[in-house]
Amino acid sequence: MKDKRGRTSPYDPKTTEARWYEYWESKGFFRADRLSGHPPHTIMMPPPNVTGALHMGHALQDTVQDALTRMRRMQGREALWMPGKDHAGIATQNVVERALKEEEKKSRFDLGREAFIEKVWEWVDEYGDRILQQKRRLGDSCDWGRERFTMDPGYVKAVQTVFVKLYEAGLIYRGHYLVNWCPKDRTALSDEEVDNVEHDGFLWHIRYPLADGSGHITVATTRPETMLGDVAVAVNPKDERYTDLVNKQVELPLTGRNIPVIADHYVQQEFGTGVLKITPGHDKNDFEVGKRHKLEIFSVIAEDGTLTEECGPYAGIDRFEARERIVKDLGAGGLLEKIEPYKSTVPVSQRSKAIVEPLLSRQWFVKMKPLAEPAITAVRDGTIKFYPRRWENEYFRWLEGIRDWCISRQLWWGHRIPVWYYTDSRGEIDEARGFVVSIKQPKSGMVQEEDVLDTWFSSWLFPFATLGWPEEDPETQADLGYFHPTDVLVSGYDILFFWIARMIMASLYFTGQVPYRDIFITGMIKDKLGRWMSKSLGNGIDPLELIEEYGADAVRFYLTILCAQGQDIRLDPAGFQMGRNFSNKIWNAFNVFGRFIEPGKEYRRTRSIEELELVERWMLTRLAECIESVEGALVRYRLNEAANLLYTTFRSDYCDWYLELVKPQSGSTMSEESIALAIEIYEQLIQLLHPFMPFITEELWHRLRPRAEGEACMVSRWPVASDERDTVGAEQFTFLQEAVTSIRHLRSRYGVAPGKEIEVTLSVSEEQLGLTEVMIAHTEYFTKLARVERLHVGVDLPKPPQSTSTVVGSAVVYVQGMVDPAEERERLTKDLSQKEDFLFRVQKKLQNEKFISRAPAKVVELERQKEADAKAEIKKLRDSLAAWSET
RNA sequence: GGGUCCUUAGCUCAGUUGGUUAGAGCGCUACGUUGACAUCGUAGAGGUCGAUGGUUCGAAUCCAUUAGGACCCA
């Protein structure tokens with residue numbers, strides 16, 4: 001650990017991380033076994049997409065999950081962190097299609113369904129594990145032996161069983177509805193997969209001539225290309241401008257078709273001209289209007305986004321090109337009254353970014369209301385709790401307004417819907433004969449539904465499908481019974497509806513249990529400027545590069561520090577230096593006593609707390625308090641608080657004060673007893689840090705003491721806050737700290753050379769009499785920390801000649817040998833006025849009768865104490881100042 | 001249009017159920033290589049907690065209004 005100059009070299013994560021990960025895994029520490037006899041603690045990892053690569057969101061969420069898992073494991077729970085990966089229908093299909101095009105210049109249609117799926121499997125086999133390998137670099141302590149893929153045979157069975165059961169319960173139905181259609185991916189989408197994006201468009205005012213030749217009516221629309229599918233124009237029944245025209249016929253331009261003018265309250269009079277074209281085949285609202293008025297439905301846009309055969313001269317043209325042509329043709333016919341700029345929202349596919357087309361098609365749906373109700377109750381009655389609470393509102397809002405879920409996708413990669421159709425003599429599907437819902441082919445000759453299921457239709461089963469459901473053998477039953485319900489789900493709010501809420505519905509319906517009791521919602525990671533990280537912006541930060549540069553522990557620790565109660569995180573990669581610096585500090589601190597450790601020797605403290613040094617008693621007290629606070633922070637999922645507490649305790653308490661005082665003078669060595677306590681405290685601190693920084697703590701834990709084969713920090717027993725405390729000693733030490741700080745302050749102000757030794761007089765007040773002895777006994781502390789050569793302590797000592805002073809509570813610290821009256825007066829005057837301001841505020845409070853009568857006694861007592869302290873300090877300051885005025 | 005969140009030191013952010021003389025990291029200033037650590041230490045500068053009004057003995061924290069920003073839903 002030393003370089004040529006005899007200096008300790010910085011901590012190098014590369015030499016430890018891979019080694020310890022292999023060690024843990026080879027010892028089976030990640031495995032969770034229900035026969036252990038320990039109470040379980042389960043976390044389900046949100047399964048990453050097989051196509052994915054590790055990004056900062058994973059790094060953050062895994063850090064949280066791993067910290068919770070490791071802490072619980074150390075606390076004696078049988079901690080299962082269940083890993084898996086998601087087949088991610090569209091995403092994966094797209095990736096493989098792209099690869100196919102690049103490598104073989106082929107489309108999936110060139111290969112055909114079977115061969116294409118074969119290709120996808122090859123791809124999954126080759127690259128699917130990449131992200132899970134990357135997660136190992138972070139130190140994730142998941143039970144890899146249980147890893148599940150949402151396309152595993154067992155998982156497939158779970159998905160199909162769920163489909164069949166929901167169908168049999170009347171919760172799945174098939175029907176022709178207007179669905180969100182993505183012309184790019186050529187599949188239906190659920191409402192959740194569609195974003196409404198505002199864009200700058202136009203409002204076209206188009207004249208529809210009246211069939212009787214008595215003029216025209218002007219329609220305002222944002223989508224002229226769909227006019228070919230118009231079946232009516234509509235006005236508001238209250239709109240007097242158009243009352244006469246209702247029930248008349250108008251001629252649909254460019255088609256010659258006659259369509260009626262209808263009255264419907266859906267029409268807003270203020271919008272455009274107050275006349276809407278009704279196109280039930282391509283607009284959800286129009287669809288409803290059409291239903292009310294029993295109008296026909298025309299589809300004029302095909303699945304690929306081009307206009308259909310029925311569109312005459314426009315057939316086969318893409319919808320946006322058709323828009324331009326139609327507008328042009330209308331203009332040429334004198335039917336275009338005006339065009340005005342107009343901001344409207346367009347539905348966009350979250351994945352492909354293509355504009356979604358409402359299209360009439362035959363799809364499969366889940367009736368959600370019956371599933372949603374118990375899920376609402378579970379959160380309402382507190383069975384499930386959100387951290388932070390505010391996400392409950394969002395959850396309720398969605399579930400209370402829930403709409404049926406379109407689960408069929410016109411893709412090839414995914415769970416094929418377990419529905420079978422009869423065929424006719426030519427082998428063609430004969431829909432007229434209906435269908436059979438079944439996992440197995442019900443009859444030879446029957447063919448399976450071509451559509452696959454929405455990816456989320458498999459992910460929503462994750463908490464129980466990964467634990468063996470629906471197998472009924474006793475082994476898996478027992479596992480499910482033991483690990484489910486899980487304890488906490490850690491996830492981002494981006495998949496609150498897609499996944500979190502749906503899991504609750506599925507678990508409740510199929511297992512009768514909630515999937516988890518707590519939901520910890522993390523913030524999302526943004527870039528330095530607050531923008532989402534995305535490939536197209538190129539502003540992503542690769543966690544693996546960060547690990548390479550700073551080490552996994554540093555990355556994890558800094559992410560934990562940032563992870564405050566669901567707030568989004570603006571990430572500045574330079575910030576990870578903090579984590580690295582802290583790692584290094586931990587590493588070097590060990591060296592202070594570590595270099596005196598005799599190999600193979602076991603150091604155990606024999607002294608009781610009464611026999612310890614003042615600083616040791618103080619440190620033990622601080623440690624116990626720290627453990628309590630960390631504990632409290634962790635149960636409330638305040639990981640950032642826990643990390644902060646440990647940071648301060650380690651850095652300022654342990655390193656800056658404790659180690660500075662117990663480390664030996666140059667040339668001498670540390671006593672065995674002293675080493676033993678340093679080890680004891682250090683050991684607990686690194687155990688507490690282990691959940692956040694597993695690698696470095698494991699390494700140091702082994703250097704600390706001789707360890708038996710198979711022991712490890714990660715499976716060591718979590719420290720318990722000890723009763724071995726000395727609050728009186730701790731207070732005395734705190735006073736000493738303040739005195740030292742003020743001496744250092746004076747040294748600094750007077751520019752005293754660091755090596756120069758000084759003489760100090762400490763004048764305490766009568767009430768502090770007890771301190772005198774303690775301070776004298778610890779002159780050495782002053783020497784070590786502030787280079788005080790001689791220390792005089794007494795009650796109300798006079799100001800030594802040629803000295804400067806500062807006030808610490810009701811005590812005065814005089815530092816001899818440095819004097820500058822002007823400087824002194826200035827500083828003391830400033831301190832005095834500050835203190836007087838403070839006293840004024842406190843007294844104002846105390847003079848307020850209402851405060852005395854209404855505030856809790858404890859608070860009043862505290863203020864009284866403040867008043868007394870401030871008065872004592874002011875007195876000392878005045879005295880000092882007076883002494884200066886005399887000279 | 002409905003809803004949620006954010007606004008605290010130059011920057012990025014913490015701040016339990018209202019009671020601290022409002023904190024951290026980075027940055028900045030001065031000094032410093034004393035046998036753990038310059039990926040460090042010591043000392044320091046820097047904030048009327050977006051604005052206004054209210055509730056309260058007491059407000060960064062609760063309520064209302066308002067300004068700016070982010071997001072979700074329609």
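Note on naming: letters A, B, ... go to the chains in the order of the sequence lines (proteins, then strands), and numbering restarts at 1 for each one.
Looking at heavy-atom distances under 4.0 Å, A:Ala855 makes contact with a base. Looking at heavy-atom distances under 4.0 Å, A:Asp656 makes contact with sugar-phosphate atoms alone, never a base. Among the protein residues, A:Lys663 comes within range of the nucleic acid bases, having at least one heavy atom under 4.0 Å from a base atom. Among the heavy atoms of the strands lying under 4.0 Å from A:Arg580 is at least one base atom, whether or not backbone atoms are also near. Within 4.0 Å (heavy atoms only), A:Ser853 reaches no atom of the nucleic acid at all. Among the heavy atoms of the strands lying under 4.0 Å from A:Asn848 are primed sugar atoms or P, OP1, OP2 only; no base atom is included. Across all strands shown, A:Gln665 has no heavy atoms under 4.0 Å from either base or sugar-phosphate atoms.
Across all strands shown, B:U56 forms no Watson-Crick or G-U wobble pair with both distances under 3.5 Å. Base pairing of B:G50 is made with B:U66, judged by Watson-Crick or G-U wobble geometry with both donor-acceptor distances under 3.5 Å. For B:C13, the paired nucleotide is B:G23, the pair qualifying as Watson-Crick or G-U wobble because both relevant distances are below 3.5 Å. The pairing partner recorded for B:U39 is none, the criterion being a Watson-Crick or G-U wobble arrangement whose two distances lie under 3.5 angstrom. Pairing for B:G44 is with B:C28, a Watson-Crick or G-U wobble pair whose two hydrogen-bonding atom distances lie under 3.5 Å.
Note on A:Arg531: every side-chain N or O is 4.0 Å or more away from OP1 and OP2 of B:C71. Applying the 4.0 Å criterion to OP1 and OP2 of B:A43, one finds that A:Arg744 has a side-chain N or O inside that range. For the OP1/OP2 pair of B:G58 and a distance below 4.0 Å, the side-chain nitrogens and oxygens of A:Lys850 include no atom meeting the criterion. The shortest distance between the side-chain N/O atoms of A:Lys585 and the OP1/OP2 oxygens of B:C37 is not below 4.0 Å. One finds a side-chain N or O of A:Asn581 lying less than 4.0 angstrom from the OP1 or OP2 phosphate oxygen of B:C40. Put simply, A:Arg747 has no side-chain N or O that comes within less than 4.0 Å of OP1 or OP2 on B:U42. Put simply, A:His745 has no side-chain N or O that comes within less than 4.0 Å of OP1 or OP2 on B:U42. Contact annotation: A:Arg749 does not reach the phosphate of B:A30 (side-chain N/O to OP1 or OP2, under 4.0 Å).
A:Arg570 contributes no side-chain N or O that forms a donor-acceptor pair with the base of B:U12 under 3.5 Å. Contact annotation: side chain of A:Lys835 to base of B:U21, donor-acceptor pair present below 3.5 Å. Residue side chain A:Glu660 reaches the base of B:A36 through a donor-acceptor N/O pair under 3.5 Å, judged by distance alone.
Within the 4.5 Å cutoff, no side-chain heavy atoms of A:Trp405 are placed close to those of A:Asp191.
Within a 6.0 Å sphere centred on CD of A:Glu836, other residues, nucleotides and ligands contribute more than 12 heavy atoms. The neighbour count for A:Arg351 CZ, taken as heavy atoms of other residues, nucleotides or ligands under 6.0 Å away, does not exceed 12.
The distance between atom CG of A:Asp831 and atom P of B:G44, rounded to the nearest whole Å, is 11 Å. In this entry the distance linking CZ of A:Arg638 with P of B:A14 reads 11 Å, nearest Å. B:A70 atom C1' lies 15 Å from atom CD1 of A:Ile569, rounded to whole Å.
Checked against the 6.0 Å centroid threshold, A:Tyr637 and A:Tyr387 count as a close aromatic pair.
The pair A:Arg636-A:Glu641 meets the salt-bridge criterion, with a side-chain N (NZ, NE, NH1 or NH2) lying under 4.0 Å from an Asp/Glu carboxylate O.
Spacing of P atoms, B:U34 relative to B:G47, comes out at 36 Å, to the nearest Å.
Rounding to the nearest 0.5 Å gives a distance of 8.5 Å between OG of A:Ser349 and CG of A:Asp195.
Between A:Phe498 and the choices A:Tyr493, A:Trp456, A:Trp398, the ring-ring contact (aromatic ring centres under 6.0 Å, His included) rule is met once, by A:Trp456.
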